[in-house]
Amino acid sequence: MTQPEIDDDFLTLLAEDEPQRDRRAVRHWRILIIDDDDDVHQATEFALSNTPILNRPLMFLHAYSSTDAIELLKQEQDIAVILLDVVMESEDAGLRLVKSIRQELNIHESRIVLRTGQPGYAPEMDAIRDYDINDYKTKSELSRNRLYTTLTTAIRSYDQIHAINASRRGLGMIIRSSAELMARHGLQEFAAGVITQLAGLLRLAPEGIVCAHDKGEGAESTHIIAAAGSYARCIEEPLSSLGRPRVTNQINLAMEARQHQFSTDSTTLFFPSKTGRDMAAYIETTIPPDGLDFQLIEVFCTNITIGLENVLLFAQLKDLAYNDQLLSIPNRLSFVHSLSMVIADKRSEETLALVDIDHFSQLNDALGHSYGDTLLAAVATRLKQTLPADTVIARVDADTFGVLGKDSLVRPEILQAIFRTPFNLDNSDHQLSASIGLARLTEVEGDGSAALKCANIALSFAKAGPRGEFCYFARDMELHTRSRVRLLQDLRAAFERDRLFIVYQPQVTLSDRKVIGVEALLRWQNEKGQFIPPEQFIPLAESSGMIISLGEWVLRTACLSLRQFERSGVKDLRMAVNVSVTQFRHPMFIASVDAVLSESGINPHLLELEITESVAMLEYEFMLGMINQLKQRGVMVAIDDFGTGFSSLSYLERLNVDRLKIDGSFVSQMMQAQSSHRIVDTIVQLGHGLDLSVIAEGIETEEQALALAALGCDEGQGYLFAKPLEAEALVAFIAGN
Ligand code: C2E
Ligand code: MG
Ligand code: MG
């Protein structure tokens, strides 16, 4: 190759830095010659062939008329310089063509050099300005050196304009892709987007993978979290199983060096993460990225790293919002969501169960919260191990698990069986039980939270009986529950407005019918004047916890009344007050008894607390402690409704109570049914055998009273002697007696 003759212009050009294009594979500068004179084509090409400009060889395209040129420009792209003859078909054909190129074909990057044979045909200044014409030369000026200089200037300016435009397009893409990626919330989805956007930025087809590096407690591992093109099948596999050593190598290099890696056929970008999950994206590149690409990649990576932090943060927030942090299973919100999805899918053969651990709060209080946590974890593990993998298991409340799955699998027997084997906690076995509320989704109307409410209603029915029971939701339960809720509201209002009051039913000795005591019984007369039976509102007050304040009020009012009776001259009368299990369990119960005793100033021996037999037998150790504390204060204890529960005789002996109260149902039957008569007889014998006094309730006839007296029953209570009376009536009754 012969060196071109060197002139001044040429020297200046050489002194300037060459753009860093050398990384690209061979590419030409494309030069279009438009001229109606074939000699000009040949001379130009001849003068410049084998002469590289700015490190690239030239490639010539030829057109011989304006029409030719337009057709050609419609097909070809990336033309750096157009050498255009001004005078062709007409004197200004060249100028008109320039207008079409810029305005109609919208070609703005290509540089245009006008040439003319006659110096008189110089274009107007306006045309040079308006149509972005680079240069104007007469053909005689186009010596080899002049041509070289002219083209070099034009190519450099084309290259710069092209680079500016490419970087503007690239930055635009980065902004758009960042916005697009920010909208993605899952890491997988985000990573998949990174491949697409990166390939777009480098103008390549998406072929590659994105990996995340986990520094877990054990061995570190790198997983493929997104894959595109021929890699698509490798998603979610460990990188080591990819089977493409070159790819694996590049990614490992990037992760270790914490830097991008560029090779002849790939680009691997590294995205550091503050939260400890570094990411690397590998994409296949047929030509290595050039200087401009590098800059864009840097900007892209900065954006992606921020996006990645966002995604990880979002994942963390989502985890906090939807997962139970103690047990690492879905929480209530997530469970409601799953339920709503199943309902929306119209998957009807599914059942929802709420599994509530019995007496959890007592266990938690007694044995400590860390024990409670261990216990919950053990139950969660057992549920997961026993139920099929596609069952949803969630924690919906402190001690309540939600289970959602096929009707055939979510069944009470299966769930109860889970609790049959004791749980081994801290090296000792604990026997647990659970109450279960179930709802078939076919029985449920509404969304997930409505379904959960139904299962909760069923659960409250299951818990109404002894623990360990189950109950399926039925539609009429809801009505029942709704009316209970209304009744409870009314009860609260009645209590606040002093519409509750106490009546006192006399208790007499059966031998001489002397009034020795009274039982305080609560009454509620509503605004319409109707009496609501205690059997209806007491259980409601118990399950809602209202019984605590209500019961305390009854105790105080009864004791203050007793004081009043004493002032009216009625001495040594015993006051029996009913106490429910919820009151008994309350940690402040004994303290409230003490407060009432000191406030009323009554003799503690005159106060008798009635607890039902089933309650007394429920948690023996606890009851024993409570009864002993009451005895220390001199307060008496009677077992109410005796005969209806299942007393353990040895327990009864040790419980240290004062009196057994024979349930009214035996009394009412004793004259007709031999069995009732025998039961009454047995209770009297038993009571006396244990040194307890025995009282019979619900005595309505003289016959019953006589029969009871004949059996040795000490005391009696019932309509035969007196109905429950208001305070004043009672004082009058006793005076008359
Ligand atoms: P209980 O403690 O067994 O009360 C005896 C019930 O028998 C009372 O019903 C009383 O009115 C009724 N009775 C009395 N004599 C006769 C009779 O000759 N024939 C018939 N058929 N019944 C008679 P009451 O007042 O309706 O109370 C029902 C239950 O409500 C009580 O049964 C008790 O368990 C509960 N209760 C009432 N007041 C209170 C209270 O202040 N606190 C608590 N925890 N429970 C209460
Ligand atoms: Mg009673
Ligand atoms: Mg009773």
Exercise. When you measure from the side chain of T285 to the backbone N and O of S266, does any donor-acceptor pair fall under 3.5 Å?
Worked result: yes
Exercise. R30 side chain to I79 main-chain N or O, any donor-acceptor pair under 3.5 Å?
Worked result: no
Problem set entry | Under 3.5 Å: donor-acceptor pair, side chain of Q325, backbone of D319 | yes
For this session: Evaluate the side-chain proximity of V379 to F401: yes if any heavy-atom separation is below 4.5 Å, no if none is.
Result: yes
For this session: Verify side chain to side chain contact (heavy atoms under 4.5 Å, CB included) between I34 and L72, making sure each step is shown before the conclusion.
Result: CA-CA 10 Å; I34 309 171; L72 192 139; over 6 Å; no
Exercise. Sequence neighbours excluded, which residues qualify as side-chain hydrogen bond (donor to acceptor under 3.5 Å, both in side chains) partners of Q316?
Worked result: none
For this session: Taking E237 for its side chain and L242 for its backbone only, find out whether a donor-acceptor pair lies under 3.5 Å.
Result: no
For this session: List the steps and the verdict of side chain to side chain contact (heavy atoms under 4.5 Å, CB included) for L151 and L58.
Result: CA-CA 10 Å; L151 274 184; L58 305 180; 4.3 Å; yes
Problem set entry | P272 vs T305 side-chain heavy atoms within contact, under 4.5 Å | yes
For this session: Check whether the side chains of N249 and R246 place a donor and an acceptor atom closer than 3.5 Å, and report yes or no.
Result: no
Exercise. Within the side chain of W29, is there an N or O that forms a donor-acceptor pair under 3.5 Å with the backbone of I155?
Worked result: no
Can you give each donor-acceptor pair under 3.5 Å made by side-chain atoms of residues 402-409, sequence neighbours left out, with the distance rounded to 0.1 Å?
unit_1, atom_1, unit_2, atom_2, d
D407, OD1, E350, N, 3.4
D407, OD1, T351, N, 3.2
D407, OD1, T351, OG1, 2.4

Problem set entry | NE2 on H62 to CG on L32, rounded to 0.5 Å | 9.0 Å
Exercise. Considering only heavy atoms from C-beta outward, does the side chain of T153 approach that of R111 to under 4.5 Å?
Worked result: no
Exercise. Does any non-hydrogen side-chain atom of I225 lie less than 4.5 Å from one of F190?
Worked result: no
Exercise. Does the cation-pi check pass for R244 over Y282, that is, NZ or CZ under 6.0 Å from the six-membered ring centre and within 45° of its axis?
Worked result: no
Problem set entry | Distance in Å, H162 NE2 paired with S110 OG, rounded so as to fall on 0.5 Å steps | 10.0 Å
Exercise. Would a 4.5 Å heavy-atom cut-off, applied to side chains only, mark Y231 and I224 as touching?
Worked result: no
For this session: To the nearest 0.5 angstrom, please state how far the SG atom of C211 sits from the CZ atom of R277.
Result: 10.5 Å
Problem set entry | Side chain to side chain, I297 and F262, heavy atoms closer than 4.5 Å | yes
Exercise. Under 3.5 Å, side chain of R102 to main-chain N/O of D132, donor-acceptor pair present?
Worked result: yes
For this session: Kindly indicate, with the supporting measurements, whether the criterion side chain to side chain contact (heavy atoms under 4.5 Å, CB included) is fulfilled by I251 and I209.
Result: CA-CA 10 Å; I251 290 190; I209 53 175; 3.5 Å; yes
Exercise. Which atoms form the tightest heavy-atom contact between K74 and L105, and what is the distance?
Worked result: CG-CD2, 3.8 Å
For this session: Please test Y64 against H41 for ring pair (Phe, Tyr, Trp, His ring centres under 6.0 Å), starting from the C-alpha separation and ending with a verdict.
Result: CA-CA 9 Å; Y64 296 89; H41 286 264; 4.1 Å; yes
Problem set entry | N/O donor-acceptor pair under 3.5 Å between D324 side chain and P330 backbone | no
For this session: Answer yes or no: are there more than 12 heavy-atom neighbours, outside E349 itself, under 6.0 Å from its atom CD?
Result: no
Exercise. Is a side-chain donor or acceptor of H260 paired with a backbone partner of F270 at a separation under 3.5 angstrom?
Worked result: yes
For this session: Quick one: list whatever passes side-chain hydrogen bond (donor to acceptor under 3.5 Å, both in side chains) with S90, sequence neighbours left out.
Result: D92, R96
Exercise. Does a donor on one side chain and an acceptor on the other come within less than 3.5 Å for Q42 and D38?
Worked result: yes
Problem set entry | Spatial distance of atom CG (D78) from atom NE2 (H28) [nearest 0.5 Å] | 13.0 Å
Problem set entry | Donor-acceptor contact below 3.5 Å, side chain T150 vs main chain R146 | yes
Exercise. Going by heavy atoms in the side chains, are L387 and I414 under 4.5 Å from each other?
Worked result: yes
Exercise. Do other residues, nucleotides or ligands put more than 12 heavy atoms under 6.0 Å from the NE2 atom of H337?
Worked result: no
For this session: Look up atom CZ in F271 and atom CD in E309, then write down how far apart they are to the nearest 0.5 Å.
Result: 12.5 Å
Problem set entry | Rounded distance [0.5 Å steps], CG in L97 versus NZ in K99 | 12.5 Å
Exercise. Short question: side chain of E89, backbone of S65 - any donor-acceptor pair under 3.5 Å?
Worked result: no
